[in-house]
Amino acid sequence: MKRREFIKTGLAAGAAVGLAPTLAESWIPVHTWEGYDFGSGPKVTDRLYQGPFGVYAPDNFHGGWCFQTTMPGKQQINCMGMGMTTYISGDLGAPVVPGESLETTIDKLFKFQLGTKVYIRPNWRHIQKQAGKLDFDDYWKITMDKSLEYGKRATIRVMLNNPDIHENALPDYVLEKVPLRTLPGVWMNETPNDPRWGQDHRQPEYNDYLIGYFEEMQNLLAEKYNGGPEIELVDTQHFGLWGEGHAWPYEGHTFPTRKDAEDVMMKLYEIQEKAWTKVPLCTNVQPDFSVVGNSAVLDRSVRDGNWLRRDSILVQNECIEEMSNRPAWIALFCEAAASGNFTSGADNDIRYDRGEVTISHTKDMGCNYYSLWHAHGINADKLQDFYDHKPDVLNDLSEHIGFRVRPSWIWLSGDGEGHENLIFGMVNDGIAGVPGVLRLTVFSEDGTVNVGGCIDAGYPHPKGIREAMITLPKGVSAARGGLKLKMELEVKGVRYPIPVASDDANPDGTLTIHNNNRG
(Lines give C-alpha, C1' and ligand atoms only; values in the text may rest on other atoms or scores of the structure.)
Protein backbone atom coordinates (compact mmCIF):
# COMPACT_ATOMS: atom_id res chain seq x y z
CA MET A 1 0.00 0.00 0.00
CA LYS A 2 1.29 3.46 -0.85
CA ARG A 3 2.22 5.69 2.08
CA ARG A 4 -0.34 8.37 1.16
CA GLU A 5 -3.14 5.79 0.99
CA PHE A 6 -2.02 4.28 4.30
CA ILE A 7 -2.16 7.66 6.00
CA LYS A 8 -5.63 8.37 4.63
CA THR A 9 -7.22 4.99 5.36
CA GLY A 10 -5.33 3.67 8.36
CA LEU A 11 -4.14 6.36 10.72
CA ALA A 12 -7.09 8.67 10.22
CA ALA A 13 -9.47 5.99 11.41
CA GLY A 14 -7.15 4.77 14.15
CA ALA A 15 -6.62 8.21 15.64
CA ALA A 16 -10.35 8.77 15.83
CA VAL A 17 -11.05 5.77 18.05
CA GLY A 18 -7.68 5.23 19.75
CA LEU A 19 -5.38 2.29 19.15
CA ALA A 20 -4.32 -0.16 21.83
CA PRO A 21 -1.41 -2.60 21.79
CA THR A 22 -2.14 -6.27 21.09
CA LEU A 23 -0.90 -9.11 23.24
CA ALA A 24 1.49 -10.21 20.51
CA GLU A 25 3.03 -6.84 19.78
CA SER A 26 3.17 -3.61 21.78
CA TRP A 27 4.06 -1.26 18.91
CA ILE A 28 1.56 1.56 18.52
CA PRO A 29 1.44 3.44 15.19
CA VAL A 30 2.03 7.17 15.14
CA HIS A 31 -1.25 8.98 15.74
CA THR A 32 -2.40 12.48 16.54
CA TRP A 33 -2.95 13.04 20.25
CA GLU A 34 -5.72 15.59 19.84
CA GLY A 35 -8.95 13.75 20.60
CA TYR A 36 -7.16 10.46 21.28
CA ASP A 37 -8.67 8.32 24.03
CA PHE A 38 -6.15 7.95 26.85
CA GLY A 39 -8.87 7.17 29.38
CA SER A 40 -10.50 9.41 31.95
CA GLY A 41 -7.38 10.24 33.92
CA PRO A 42 -6.65 9.98 37.65
CA LYS A 43 -9.46 8.75 39.87
CA VAL A 44 -11.49 11.52 41.50
CA THR A 45 -12.65 10.87 45.06
CA ASP A 46 -15.12 13.09 46.94
CA ARG A 47 -16.22 14.63 43.66
CA LEU A 48 -17.84 18.03 44.09
CA TYR A 49 -21.03 18.90 42.25
CA GLN A 50 -19.93 20.82 39.14
CA GLY A 51 -23.18 21.93 37.55
CA PRO A 52 -25.47 22.81 36.05
CA PHE A 53 -26.26 25.81 38.22
CA GLY A 54 -29.58 27.10 36.95
CA VAL A 55 -30.72 30.43 38.45
CA TYR A 56 -34.39 30.91 37.52
CA ALA A 57 -37.43 28.65 37.45
CA PRO A 58 -38.11 26.14 36.10
CA ASP A 59 -34.36 25.39 36.11
CA ASN A 60 -33.61 26.95 39.50
CA PHE A 61 -30.89 24.69 40.88
CA HIS A 62 -28.28 26.09 43.28
CA GLY A 63 -27.70 29.29 41.28
CA GLY A 64 -26.61 32.15 43.52
CA TRP A 65 -25.44 35.74 43.67
CA CYS A 66 -21.85 36.90 43.46
CA PHE A 67 -20.39 37.08 46.95
CA GLN A 68 -16.67 37.52 46.24
CA THR A 69 -14.24 38.03 43.37
CA THR A 70 -10.47 37.78 43.05
CA MET A 71 -7.89 39.11 40.61
CA PRO A 72 -4.86 37.25 39.22
CA GLY A 73 -1.52 37.57 40.96
CA LYS A 74 2.01 37.59 39.59
CA GLN A 75 3.74 36.09 42.60
CA GLN A 76 6.26 33.29 42.12
CA ILE A 77 4.65 29.93 42.89
CA ASN A 78 6.57 26.97 44.28
CA CYS A 79 4.30 23.96 44.39
CA MET A 80 4.06 20.41 43.11
CA GLY A 81 3.42 20.03 39.39
CA MET A 82 5.24 23.07 37.98
CA GLY A 83 8.34 25.19 38.17
CA MET A 84 11.39 26.80 36.64
CA THR A 85 14.01 24.09 37.17
CA THR A 86 17.66 24.84 37.85
CA TYR A 87 20.03 22.12 36.68
CA ILE A 88 22.55 20.97 39.23
CA SER A 89 23.95 18.31 36.91
CA GLY A 90 23.25 17.37 33.32
CA ASP A 91 25.49 14.98 31.43
CA LEU A 92 28.93 15.52 32.96
CA GLY A 93 28.27 14.73 36.60
CA ALA A 94 29.23 17.19 39.30
CA PRO A 95 29.23 20.84 38.19
CA VAL A 96 32.70 22.37 38.09
CA VAL A 97 33.41 26.10 38.36
CA PRO A 98 37.09 27.04 38.63
CA GLY A 99 37.92 28.62 41.95
CA GLU A 100 34.75 27.42 43.70
CA SER A 101 34.13 24.50 46.00
CA LEU A 102 31.52 21.98 44.90
CA GLU A 103 29.20 22.99 47.73
CA THR A 104 29.51 26.69 46.84
CA THR A 105 28.72 25.98 43.19
CA ILE A 106 25.63 23.95 44.06
CA ASP A 107 24.49 26.45 46.71
CA LYS A 108 24.65 29.31 44.19
CA LEU A 109 22.53 27.28 41.77
CA PHE A 110 19.92 26.70 44.47
CA LYS A 111 19.88 30.42 45.23
CA PHE A 112 19.09 31.49 41.65
CA GLN A 113 15.91 33.45 42.30
CA LEU A 114 13.65 32.14 39.53
CA GLY A 115 14.37 28.47 40.12
CA THR A 116 11.77 26.73 42.29
CA LYS A 117 12.92 23.17 41.47
CA VAL A 118 16.24 21.51 40.68
CA TYR A 119 17.33 18.69 38.41
CA ILE A 120 20.08 16.11 38.80
CA ARG A 121 21.03 13.48 36.22
CA PRO A 122 23.71 11.17 37.60
CA ASN A 123 25.33 8.22 35.92
CA TRP A 124 24.47 4.95 37.63
CA ARG A 125 28.06 4.62 38.89
CA HIS A 126 27.62 7.95 40.73
CA ILE A 127 25.00 6.53 43.09
CA GLN A 128 26.04 2.89 43.49
CA LYS A 129 29.44 1.19 43.62
CA GLN A 130 28.43 -2.31 44.65
CA ALA A 131 25.35 -4.49 44.68
CA GLY A 132 22.95 -4.23 47.59
CA LYS A 133 23.64 -0.68 48.76
CA LEU A 134 23.59 2.90 47.55
CA ASP A 135 26.79 4.96 47.66
CA PHE A 136 26.23 8.51 46.43
CA ASP A 137 28.82 10.87 45.02
CA ASP A 138 29.15 14.13 46.90
CA TYR A 139 27.19 16.22 44.40
CA TRP A 140 24.12 14.00 44.89
CA LYS A 141 24.36 14.21 48.69
CA ILE A 142 24.82 17.99 48.65
CA THR A 143 21.86 18.40 46.27
CA MET A 144 19.48 16.37 48.43
CA ASP A 145 20.55 18.20 51.60
CA LYS A 146 19.98 21.58 49.97
CA SER A 147 16.67 20.42 48.53
CA LEU A 148 15.44 20.19 52.11
CA GLU A 149 17.17 23.41 53.14
CA TYR A 150 15.70 25.54 50.33
CA GLY A 151 12.39 23.72 49.85
CA LYS A 152 13.15 23.01 46.20
CA ARG A 153 12.31 19.46 45.15
CA ALA A 154 14.53 17.59 42.70
CA THR A 155 13.75 15.70 39.52
CA ILE A 156 16.13 12.78 38.94
CA ARG A 157 17.20 10.51 36.11
CA VAL A 158 19.82 7.80 36.55
CA MET A 159 21.65 7.25 33.25
CA LEU A 160 22.55 3.75 32.10
CA ASN A 161 24.50 5.08 29.13
CA ASN A 162 26.13 8.43 28.53
CA PRO A 163 28.11 9.56 25.46
CA ASP A 164 29.40 12.69 27.19
CA ILE A 165 31.85 10.94 29.50
CA HIS A 166 34.85 8.73 28.78
CA GLU A 167 34.06 6.18 31.48
CA ASN A 168 31.02 3.94 31.24
CA ALA A 169 27.89 5.10 33.05
CA LEU A 170 27.33 1.62 34.51
CA PRO A 171 29.02 0.62 37.79
CA ASP A 172 31.96 -1.77 37.51
CA TYR A 173 30.06 -4.58 39.24
CA VAL A 174 27.41 -4.38 36.51
CA LEU A 175 29.95 -4.22 33.71
CA GLU A 176 31.46 -7.47 34.97
CA LYS A 177 28.20 -9.25 34.07
CA VAL A 178 26.92 -7.22 31.13
CA PRO A 179 28.49 -7.34 27.63
CA LEU A 180 28.73 -4.13 25.58
CA ARG A 181 28.11 -3.96 21.85
CA THR A 182 29.11 -1.48 19.17
CA LEU A 183 26.26 -0.41 16.89
CA PRO A 184 26.76 0.59 13.23
CA GLY A 185 27.21 4.28 12.59
CA VAL A 186 29.44 7.29 13.29
CA TRP A 187 28.94 10.14 15.74
CA MET A 188 28.25 13.43 13.99
CA ASN A 189 29.07 17.12 14.19
CA GLU A 190 31.54 17.12 17.05
CA THR A 191 35.16 18.24 17.43
CA PRO A 192 38.21 16.46 18.91
CA ASN A 193 37.77 18.56 22.06
CA ASP A 194 34.31 17.15 22.68
CA PRO A 195 34.05 14.07 24.94
CA ARG A 196 31.82 12.42 22.32
CA TRP A 197 34.60 12.50 19.74
CA GLY A 198 36.33 9.25 18.89
CA GLN A 199 34.19 7.00 21.10
CA ASP A 200 32.26 4.01 19.84
CA HIS A 201 29.48 4.63 22.40
CA ARG A 202 28.89 0.96 23.04
CA GLN A 203 25.48 -0.06 24.33
CA PRO A 204 24.91 -2.71 27.01
CA GLU A 205 23.03 -5.91 26.39
CA TYR A 206 19.95 -5.97 28.57
CA ASN A 207 20.48 -9.45 29.97
CA ASP A 208 19.00 -10.81 33.19
CA TYR A 209 21.89 -9.40 35.23
CA LEU A 210 21.34 -5.85 34.01
CA ILE A 211 17.59 -6.00 34.54
CA GLY A 212 18.02 -7.54 38.00
CA TYR A 213 20.60 -4.97 39.11
CA PHE A 214 18.44 -2.18 37.66
CA GLU A 215 15.45 -3.35 39.68
CA GLU A 216 17.51 -3.49 42.83
CA MET A 217 18.83 0.05 42.24
CA GLN A 218 15.34 1.43 41.65
CA ASN A 219 13.98 -0.25 44.76
CA LEU A 220 16.84 1.07 46.89
CA LEU A 221 16.24 4.61 45.63
CA ALA A 222 12.49 4.35 46.17
CA GLU A 223 12.96 2.94 49.66
CA LYS A 224 14.90 6.07 50.53
CA TYR A 225 13.02 8.76 48.59
CA ASN A 226 9.55 7.55 47.52
CA GLY A 227 7.07 10.02 48.99
CA GLY A 228 9.81 12.05 50.67
CA PRO A 229 10.23 15.82 50.48
CA GLU A 230 13.33 15.75 48.26
CA ILE A 231 11.97 14.27 45.01
CA GLU A 232 9.43 15.85 42.65
CA LEU A 233 9.66 13.59 39.60
CA VAL A 234 11.56 10.57 38.33
CA ASP A 235 12.52 10.50 34.65
CA THR A 236 11.91 7.03 33.28
CA GLN A 237 15.21 5.39 32.39
CA HIS A 238 15.53 3.17 29.34
CA PHE A 239 17.74 1.82 26.58
CA GLY A 240 20.12 4.09 24.74
CA LEU A 241 22.03 7.33 25.00
CA TRP A 242 21.21 9.15 28.21
CA GLY A 243 18.56 6.46 28.82
CA GLU A 244 16.15 8.18 26.42
CA GLY A 245 15.12 5.12 24.39
CA HIS A 246 17.33 5.76 21.34
CA ALA A 247 20.90 5.31 20.12
CA TRP A 248 20.84 8.05 17.47
CA PRO A 249 22.80 8.38 15.20
CA TYR A 250 23.74 4.71 15.56
CA GLU A 251 21.60 2.12 13.87
CA GLY A 252 19.68 -0.70 15.52
CA HIS A 253 19.81 -1.89 19.13
CA THR A 254 21.28 -4.65 21.28
CA PHE A 255 18.22 -6.92 21.40
CA PRO A 256 17.69 -10.12 19.37
CA THR A 257 14.39 -8.86 17.91
CA ARG A 258 12.12 -5.84 18.04
CA LYS A 259 9.70 -7.81 20.19
CA ASP A 260 12.49 -8.55 22.67
CA ALA A 261 13.32 -4.84 22.76
CA GLU A 262 9.70 -3.91 23.41
CA ASP A 263 9.41 -6.50 26.17
CA VAL A 264 12.53 -5.24 27.95
CA MET A 265 11.55 -1.58 27.59
CA MET A 266 8.16 -2.33 29.13
CA LYS A 267 9.81 -4.39 31.87
CA LEU A 268 12.09 -1.45 32.77
CA TYR A 269 9.08 0.85 32.86
CA GLU A 270 7.08 -1.52 35.06
CA ILE A 271 9.99 -1.83 37.50
CA GLN A 272 10.00 1.94 37.89
CA GLU A 273 6.22 2.28 38.10
CA LYS A 274 6.10 -0.39 40.80
CA ALA A 275 8.91 1.20 42.82
CA TRP A 276 7.77 4.84 42.67
CA THR A 277 4.24 4.52 44.00
CA LYS A 278 4.03 8.09 45.34
CA VAL A 279 6.15 9.99 42.79
CA PRO A 280 5.13 10.68 39.18
CA LEU A 281 7.28 9.23 36.45
CA CYS A 282 8.16 11.51 33.55
CA THR A 283 8.44 9.67 30.22
CA ASN A 284 10.29 11.05 27.23
CA VAL A 285 8.30 11.56 24.01
CA GLN A 286 11.40 10.58 22.03
CA PRO A 287 10.40 9.17 18.58
CA ASP A 288 11.29 5.50 18.19
CA PHE A 289 14.40 5.93 16.03
CA SER A 290 15.91 2.69 17.34
CA VAL A 291 12.62 0.73 17.10
CA VAL A 292 12.64 -0.48 20.70
CA GLY A 293 9.04 0.19 21.78
CA ASN A 294 9.01 3.84 22.84
CA SER A 295 5.45 4.26 21.62
CA ALA A 296 4.13 1.47 23.82
CA VAL A 297 5.95 2.73 26.92
CA LEU A 298 4.74 6.27 26.32
CA ASP A 299 1.14 5.16 25.83
CA ARG A 300 1.24 3.03 28.97
CA SER A 301 2.82 5.81 31.01
CA VAL A 302 0.13 8.33 30.03
CA ARG A 303 -2.62 5.84 30.82
CA ASP A 304 -1.04 5.31 34.24
CA GLY A 305 -1.32 9.05 34.90
CA ASN A 306 2.39 9.78 34.58
CA TRP A 307 3.82 12.88 32.96
CA LEU A 308 5.80 13.79 29.83
CA ARG A 309 9.24 15.09 29.06
CA ARG A 310 11.17 16.29 26.03
CA ASP A 311 14.85 17.20 25.91
CA SER A 312 14.49 19.74 23.10
CA ILE A 313 11.49 21.59 21.73
CA LEU A 314 13.00 22.88 18.49
CA VAL A 315 12.60 19.39 17.04
CA GLN A 316 10.31 17.05 15.12
CA ASN A 317 6.70 18.07 14.59
CA GLU A 318 5.54 14.64 15.81
CA CYS A 319 6.74 15.45 19.32
CA ILE A 320 5.27 18.95 19.29
CA GLU A 321 1.80 17.64 18.40
CA GLU A 322 1.97 15.03 21.16
CA MET A 323 3.12 17.39 23.87
CA SER A 324 0.79 20.25 23.03
CA ASN A 325 -2.28 17.98 22.77
CA ARG A 326 -1.60 15.83 25.82
CA PRO A 327 -4.46 15.16 28.28
CA ALA A 328 -5.06 18.12 30.57
CA TRP A 329 -4.02 16.17 33.69
CA ILE A 330 -0.57 15.36 32.28
CA ALA A 331 2.29 17.72 33.15
CA LEU A 332 5.02 18.51 30.62
CA PHE A 333 8.71 19.02 31.43
CA CYS A 334 10.71 20.74 28.69
CA GLU A 335 14.45 20.57 29.05
CA ALA A 336 14.73 22.79 25.97
CA ALA A 337 18.32 21.84 25.31
CA ALA A 338 18.88 24.94 23.22
CA SER A 339 18.79 26.88 26.47
CA GLY A 340 22.37 25.66 26.73
CA ASN A 341 22.99 28.42 24.20
CA PHE A 342 21.87 31.23 26.50
CA THR A 343 23.67 34.38 25.50
CA SER A 344 25.07 36.75 28.06
CA GLY A 345 26.45 40.25 28.37
CA ALA A 346 29.82 38.95 27.23
CA ASP A 347 28.40 37.97 23.84
CA ASN A 348 28.65 40.31 20.90
CA ASP A 349 25.03 39.99 19.84
CA ILE A 350 22.14 39.16 22.15
CA ARG A 351 19.38 40.28 19.81
CA TYR A 352 18.66 36.73 18.66
CA ASP A 353 19.05 34.17 21.36
CA ARG A 354 18.07 30.50 21.18
CA GLY A 355 17.42 30.50 24.90
CA GLU A 356 14.84 33.22 24.37
CA VAL A 357 13.35 31.28 21.45
CA THR A 358 12.91 28.12 23.52
CA ILE A 359 11.25 30.10 26.30
CA SER A 360 8.72 31.46 23.81
CA HIS A 361 8.01 28.00 22.43
CA THR A 362 7.74 26.59 25.94
CA LYS A 363 4.75 28.89 26.43
CA ASP A 364 3.30 27.84 23.07
CA MET A 365 3.15 24.22 24.25
CA GLY A 366 1.83 24.97 27.72
CA CYS A 367 4.71 23.58 29.77
CA ASN A 368 4.69 22.89 33.49
CA TYR A 369 8.46 22.81 33.91
CA TYR A 370 11.28 24.59 32.09
CA SER A 371 15.01 23.96 32.41
CA LEU A 372 17.47 26.62 33.53
CA TRP A 373 20.89 25.44 32.46
CA HIS A 374 23.88 25.85 30.19
CA ALA A 375 24.29 22.30 28.93
CA HIS A 376 27.92 21.36 29.62
CA GLY A 377 28.69 24.66 31.32
CA ILE A 378 26.41 24.61 34.36
CA ASN A 379 27.10 27.79 36.30
CA ALA A 380 24.80 30.04 38.34
CA ASP A 381 26.74 33.14 37.23
CA LYS A 382 25.84 32.41 33.59
CA LEU A 383 22.16 32.16 34.48
CA GLN A 384 22.36 35.40 36.40
CA ASP A 385 24.16 37.12 33.51
CA PHE A 386 21.40 36.17 31.08
CA TYR A 387 18.76 37.28 33.57
CA ASP A 388 20.48 40.61 34.18
CA HIS A 389 20.41 41.41 30.46
CA LYS A 390 16.95 40.02 29.67
CA PRO A 391 14.96 39.92 32.91
CA ASP A 392 11.59 40.32 31.20
CA VAL A 393 12.04 37.08 29.25
CA LEU A 394 12.43 34.86 32.32
CA ASN A 395 10.10 36.92 34.53
CA ASP A 396 7.31 36.54 31.99
CA LEU A 397 7.72 32.76 31.88
CA SER A 398 7.87 32.59 35.68
CA GLU A 399 4.54 34.45 35.86
CA HIS A 400 2.79 32.09 33.42
CA ILE A 401 4.41 28.66 33.57
CA GLY A 402 2.34 25.72 34.73
CA PHE A 403 -1.04 26.25 36.36
CA ARG A 404 -2.05 29.30 38.42
CA VAL A 405 -5.41 28.54 39.98
CA ARG A 406 -7.85 30.76 41.89
CA PRO A 407 -11.59 31.19 42.39
CA SER A 408 -12.31 34.19 40.16
CA TRP A 409 -15.90 34.22 41.43
CA ILE A 410 -17.49 32.86 44.58
CA TRP A 411 -21.28 32.71 44.49
CA LEU A 412 -23.53 32.18 47.50
CA SER A 413 -26.82 30.29 47.48
CA GLY A 414 -28.99 28.29 49.84
CA ASP A 415 -30.84 24.98 49.72
CA GLY A 416 -33.92 26.11 51.64
CA GLU A 417 -33.09 23.75 54.51
CA GLY A 418 -30.61 25.88 56.42
CA HIS A 419 -27.48 25.14 54.38
CA GLU A 420 -25.50 27.70 52.44
CA ASN A 421 -23.68 26.72 49.23
CA LEU A 422 -20.45 28.30 48.10
CA ILE A 423 -20.05 27.95 44.33
CA PHE A 424 -16.49 28.52 43.19
CA GLY A 425 -15.80 29.69 39.63
CA MET A 426 -12.31 28.28 39.30
CA VAL A 427 -9.94 29.74 36.71
CA ASN A 428 -6.40 28.96 35.61
CA ASP A 429 -4.21 31.93 34.69
CA GLY A 430 -1.30 29.65 33.72
CA ILE A 431 -0.47 27.93 30.45
CA ALA A 432 -1.01 24.29 31.51
CA GLY A 433 -3.81 22.21 32.95
CA VAL A 434 -3.81 20.96 36.54
CA PRO A 435 -1.60 17.82 36.53
CA GLY A 436 -3.76 15.66 38.74
CA VAL A 437 -6.87 16.31 40.80
CA LEU A 438 -7.52 19.64 42.51
CA ARG A 439 -9.09 19.46 45.98
CA LEU A 440 -10.92 22.43 47.50
CA THR A 441 -11.51 22.69 51.25
CA VAL A 442 -13.43 25.35 53.17
CA PHE A 443 -12.33 25.48 56.78
CA SER A 444 -12.34 27.63 59.88
CA GLU A 445 -9.38 28.32 62.12
CA ASP A 446 -11.21 26.89 65.14
CA GLY A 447 -11.75 23.57 63.36
CA THR A 448 -15.53 23.62 63.49
CA VAL A 449 -15.78 23.77 59.68
CA ASN A 450 -13.82 21.47 57.38
CA VAL A 451 -15.71 20.53 54.21
CA GLY A 452 -14.65 20.06 50.62
CA GLY A 453 -14.01 17.74 47.72
CA CYS A 454 -12.40 17.43 44.31
CA ILE A 455 -12.80 18.84 40.83
CA ASP A 456 -12.48 16.57 37.79
CA ALA A 457 -8.92 15.69 36.78
CA GLY A 458 -7.09 18.36 34.82
CA TYR A 459 -9.48 21.20 35.68
CA PRO A 460 -9.55 24.14 35.59
CA HIS A 461 -8.05 24.43 32.12
CA PRO A 462 -6.12 27.53 31.02
CA LYS A 463 -9.26 28.59 29.15
CA GLY A 464 -12.75 28.42 30.64
CA ILE A 465 -14.34 28.41 34.08
CA ARG A 466 -14.92 25.26 36.17
CA GLU A 467 -17.70 25.73 38.71
CA ALA A 468 -17.80 23.56 41.81
CA MET A 469 -20.03 23.71 44.88
CA ILE A 470 -19.26 23.14 48.54
CA THR A 471 -22.18 22.95 50.98
CA LEU A 472 -21.50 24.44 54.41
CA PRO A 473 -22.68 22.74 57.62
CA LYS A 474 -26.18 23.68 58.68
CA GLY A 475 -26.26 27.02 60.44
CA VAL A 476 -22.85 28.18 59.16
CA SER A 477 -22.98 31.46 57.22
CA ALA A 478 -20.20 32.75 55.00
CA ALA A 479 -21.30 36.32 55.75
CA ARG A 480 -20.28 35.92 59.40
CA GLY A 481 -16.64 35.51 58.39
CA GLY A 482 -14.03 33.15 59.77
CA LEU A 483 -13.93 30.86 56.71
CA LYS A 484 -10.99 30.20 54.42
CA LEU A 485 -10.36 28.25 51.23
CA LYS A 486 -7.33 26.03 50.78
CA MET A 487 -6.33 24.04 47.70
CA GLU A 488 -4.40 20.82 47.30
CA LEU A 489 -3.17 18.80 44.33
CA GLU A 490 -3.66 15.04 44.53
CA VAL A 491 -1.04 13.02 42.62
CA LYS A 492 -0.66 9.27 43.11
CA GLY A 493 -2.60 9.45 46.35
CA VAL A 494 -0.42 12.20 47.85
CA ARG A 495 -1.79 15.68 48.59
CA TYR A 496 0.35 18.76 48.03
CA PRO A 497 -0.59 22.32 49.07
CA ILE A 498 -1.36 24.63 46.15
CA PRO A 499 -1.37 28.40 46.79
CA VAL A 500 -4.26 30.51 45.54
CA ALA A 501 -2.70 32.44 42.64
CA SER A 502 -4.09 35.85 43.54
CA ASP A 503 -2.83 38.98 45.24
CA ASP A 504 -5.80 38.50 47.58
CA ALA A 505 -4.30 35.28 48.96
CA ASN A 506 -2.98 35.03 52.50
CA PRO A 507 0.77 34.50 53.10
CA ASP A 508 0.13 30.78 53.64
CA GLY A 509 -1.57 30.45 50.24
CA THR A 510 -5.14 30.24 51.54
CA LEU A 511 -7.92 32.68 50.68
CA THR A 512 -10.11 34.35 53.28
CA ILE A 513 -13.77 34.14 52.24
CA HIS A 514 -15.56 37.45 52.64
CA ASN A 515 -18.10 39.57 50.80
CA ASN A 516 -16.30 42.12 48.59
CA ASN A 517 -19.09 42.49 46.02
CA ARG A 518 -21.57 44.63 47.91
CA GLY A 519 -22.07 47.00 44.96
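Relative ring orientation between Tyr87 and Tyr119 is described as parallel, the plane-to-plane angle staying below 30° on a 0-90° scale split at 30° and 60°. Using a 30° and 60° split on the angle between ring planes, Tyr150 and Phe110 fall in the parallel class, below 30°. The aromatic rings of Tyr36 and His31 sit parallel to each other, their planes meeting at less than 30°, with 60° as the upper class boundary. Note: Tyr459 and His461 have parallel aromatic rings, judged against thresholds of 30 and 60 degrees for the angle between ring planes.
For Lys152 (side chain) and Gly115 (main-chain N/O), a donor-acceptor pair under 3.5 Å exists by modelled atom type. The backbone N or O of Tyr139 sits nowhere less than 3.5 Å from a side-chain atom of Asp137 that would complete a donor-acceptor pair. The closest donor-acceptor contact from the side chain of Ser290 to the backbone of Ala247 lies under 3.5 Å. Judged purely by atom type and a 3.5 angstrom limit, Asn294 uses its side chain to pair as donor or acceptor with the backbone of Gln286. The backbone N or O of Met82 sits nowhere less than 3.5 Å from a side-chain atom of Asn368 that would complete a donor-acceptor pair. Looking only at distances, a side-chain donor or acceptor of Thr105 sits under 3.5 Å from a matching main-chain atom of Ser101. Checking side-chain atoms of Glu273 against main-chain N and O of Ile271 turns up no donor-acceptor pair under 3.5 Å. With hydrogens and angles disregarded, no donor-acceptor distance shorter than 3.5 Å links the side chain of Lys492 to the backbone of Thr277. Without hydrogens or angle criteria, Asn325 side chain to Gly35 main chain gives no donor-acceptor distance under 3.5 Å. With Arg153 contributing its side chain and Ile231 its backbone, the two residues share a donor-acceptor pair below 3.5 Å.
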Open item on the list: For a ring pair (Phe, Tyr, Trp, His ring centres under 6.0 Å) check, start with the C-alpha distance between Phe136 and His126, then their side-chain angles and the critical distance, and finish with the verdict.
Closed with: CA-CA 6 Å; Phe136 300 106; His126 293 171; over 10 Å; no
Task: Asn219/Glu223 under side-chain hydrogen bond (donor to acceptor under 3.5 Å, both in side chains): CA gap, chis, key distance, verdict - done: CA-CA 6 Å; Asn219 289 338; Glu223 182 180 347; over 6 Å; no
Open item on the list: Quick one, Thr85 with Leu372, criterion side chain to side chain contact (heavy atoms under 4.5 Å, CB included). Give me CA distance, side-chain angles, the key distance, then yes/no.
Closed with: CA-CA 6 Å; Thr85 306; Leu372 299 167; over 6 Å; no
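Residues Lys363 and Asp396 are paired through a salt bridge, judged by an N-O separation under 4.0 Å between the basic side chain and the carboxylate. Using a cut-off of 4.0 Å between Lys/Arg side-chain N and Asp/Glu carboxylate O, Lys382 and Asp385 are scored as not salt-bridged. Using a 4.0 Å cut-off between charged nitrogen and carboxylate oxygen, Asp299 and Arg303 count as a salt-bridge pair. Remark: Arg300 engages Glu270 in a salt bridge, criterion side-chain N to carboxylate O under 4.0 Å.
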Give every donor-acceptor pair under 3.5 Å between a side-chain atom in residues 174-181 and any protein atom, sequence neighbours left out.
from   : atom 1 : to     : atom 2 : distance (Å)
Arg181 : NH1    : Thr254 : O      : 3.3

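You'll find the ring centres of Tyr370 and Phe333 outside the 6.0 Å limit.
The side chain to side chain donor-acceptor pair (under 3.5 Å) pairs that include a residue from residues 204-217 are Gln128-Glu216, where partners are two or more places apart or lie in different chains. For residues 90-116, the set of pairs meeting the salt bridge (Lys or Arg N to Asp or Glu O under 4.0 Å) definition, not counting sequence neighbours, comprises Asp91-Arg121, Glu100-Lys108, Glu103-Lys146, Asp107-Lys111, Asp107-Lys146, Lys108-Asp381.
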